[in-house]
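Report on the structure given below.
Note that the numbering runs from 1 along the sequence shown for the chain. We use all heavy atoms of the structure for the numbers below, so side chains are in, but hydrogens, waters and symmetry mates are not. Atoms within each ligand, like the ligands themselves, are counted from 1 in listed order.
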Amino acid sequence: MNRIDPDFKEKLKPFGIGNWNECYHCGNCTATCPHTEEGFLFPRKGIRAVQMGLTESIHKNVDPWLCYYCGDCSESCPRDANPGELMMTLRRYLITKYDWTGFSRILYTSVPALIIAFILVAISIIGIGYTKNFNVNSIMEFGHQFELIAILSVAIIILLPNILRMLWFTLVKEKVRAPLLSYIIGFGDLILHMFTQKKTLKCEENRLQWFEHFILVLGYLILLFTTVFLNWFGTESIYVVFLGYIVGAVTFIITFLFIIRRIRKKSEISKYSHPSDWLFIVWLFLMGLSAFLVRVFIDLNIIGNHLWLYLLHLIVLAQWAVLIVPFGKWTHFLYRSFAIYIAKIKKEVLVKQRDKGIVTIVT
Ligand code: SF4
Ligand code: SF4
């Protein structure tokens, strides 16, 4: 049964811009969207669900994750209802729905809470520095261990249960019955899309954006691997040092370009920025830049006299690892990939039902 929440439109407002009431359902946006297909008709269907307060329909659908925000639909909308931004707004909302801790809802809807959380993390890192007498070697040793512990804890305690919740809302609760083989084979697609995001290429204008995004994801993952598993800040290997410099530079140069685009607001995709968008891009930039500078200072043998730089890097890293990765925009990386997996399974079921003459009403 689909319950109606008459206040849903109000509840959705903190997650993005809210002019979807302007929509008069001409259907231009769905006709324009290069990603919409049988069984996954968006963005108009999502707008209708929001206008009517059909929350369960929103929770069970993965449509918002299948949107790659090319902006074509917003450009073609005769009512300026901004369907592309609505998809983004729904993605933010769904992140908070999947999160079992409820913490992402607080961070997404309250800027003061967000600021307090960031300050608390910064104070904790300075406190840890104090307990280690601000000794550069001890703090760097702590920083290295922290990276590993943070990755494992966030993955096991937050992200894994949240993915299970997403599967619960979209597959289990929906009673989608597909052969076990579909679930297994689908994982190949999941991994492929997670790292390539190749569906972005369906949007003509997004080719450059796809390439930049691909290089950024690659650079970020290699930077993570280099610092955590190859101990970039502690290694003497010239190859590892060089690799770290390259991927560090890639990360902060590309994110810098993204920041400039968001400031200029020229394209549809960068017109509207929620605080979570700014946090994601600025912190990724700061991480790449501060990591790069830390290694430069190590190579110049002056990091001991400039411990502030490493502390700054550690603060940015900790805020990224315990706030942005588990509760913020970083989770798009995971949820979108799982959405493609879920959509593939649902589509298989839909096609089989259609072949058997069973008509499915998509709500
Ligand atoms: S194009 Fe605009 S008015 Fe038409 S259905 Fe889409 S959002 Fe609504
Ligand atoms: S922004 Fe692009 S991908 Fe997203 S719904 Fe609109 S047309 Fe489709």
Taking 4.0 Å as the limit for heavy-atom contacts, which would you say applies to Tyr24 with ligand 1: side chain only, backbone only, both, or neither? both
Considering only heavy atoms, does Ile47 approach ligand 1 within less than 4.0 Å through its side chain, its backbone, both, or neither? side chain
Could you check whether any heavy atom of Pro83 sits closer than 4.0 Å to an atom of ligand 2, since that is the contact criterion I want to use? no
Can you say whether the rings of Phe169 and His59 are parallel (under 30°), tilted (30 to 60°) or perpendicular (over 60°)? tilted
For Arg79, the ligand 1 atoms whose distance to one of its heavy atoms is below 4.0 Å: 3 (S)
Taking the cut-offs as 6.0 angstrom to the six-membered ring centre and 45 degrees off its axis, would you call Arg91 and Tyr335 a cation-pi pair? no
Ranked by distance from atom 6 (Fe) of ligand 1, the top protein heavy atom is Cys29 SG, 2.2 Å
Please work out, at 4.0 Å between heavy atoms, whether the side chain, the backbone, both, or neither of Arg44 comes within that distance of ligand 1. side chain
With heavy-atom distances below 4.5 Å as the criterion, would you say the side chains of Lys347 and Glu37 are in contact? yes
Distance to 0.1 Å, residue and atom name: give those for the protein heavy atom nearest to atom 4 (Fe) of ligand 1. Cys26 SG, 2.3 Å
With a cut-off of 2.8 Å, does Cys23 place any N/O/S atom under that distance from atom 4 (Fe) of ligand 1? no
Residue that, paired with Thr235, satisfies side-chain contact (heavy atoms from CB on, under 4.5 Å) out of Thr226, Thr227, Val241, Leu230: Val241
Please find out if atom 2 (Fe) of ligand 2 and some N, O or S atom of Cys70 are separated by less than 2.8 Å. yes
Decide yes or no on ring-ring contact (aromatic ring centres under 6.0 Å, His included) for Phe225 and Trp232, but give the supporting numbers first. CA-CA 9 Å; Phe225 183 78; Trp232 186 36; over 10 Å; no
State, yes or no, whether a side-chain contact exists between Lys9 and Trp20 at a heavy-atom distance under 4.5 Å. yes
Would a 4.5 Å heavy-atom cut-off, applied to side chains only, mark Leu334 and Trp330 as touching? yes
Under 4.0 Å from any heavy atom of Cys67, which atoms of ligand 2 are there? 1 (S), 3 (S), 4 (Fe), 5 (S)
Atom 5 (S) of ligand 1 has as its nearest protein heavy atom Gly27 N, 3.2 Å
What is the ring orientation for Tyr310 with His313, classed by angle as parallel under 30°, tilted 30 to 60°, or perpendicular over 60°? tilted
If you have a sec, work out which protein heavy atom is nearest atom 2 (Fe) of ligand 1 and how many Å separate them, to one decimal? Cys77 SG, 2.3 Å
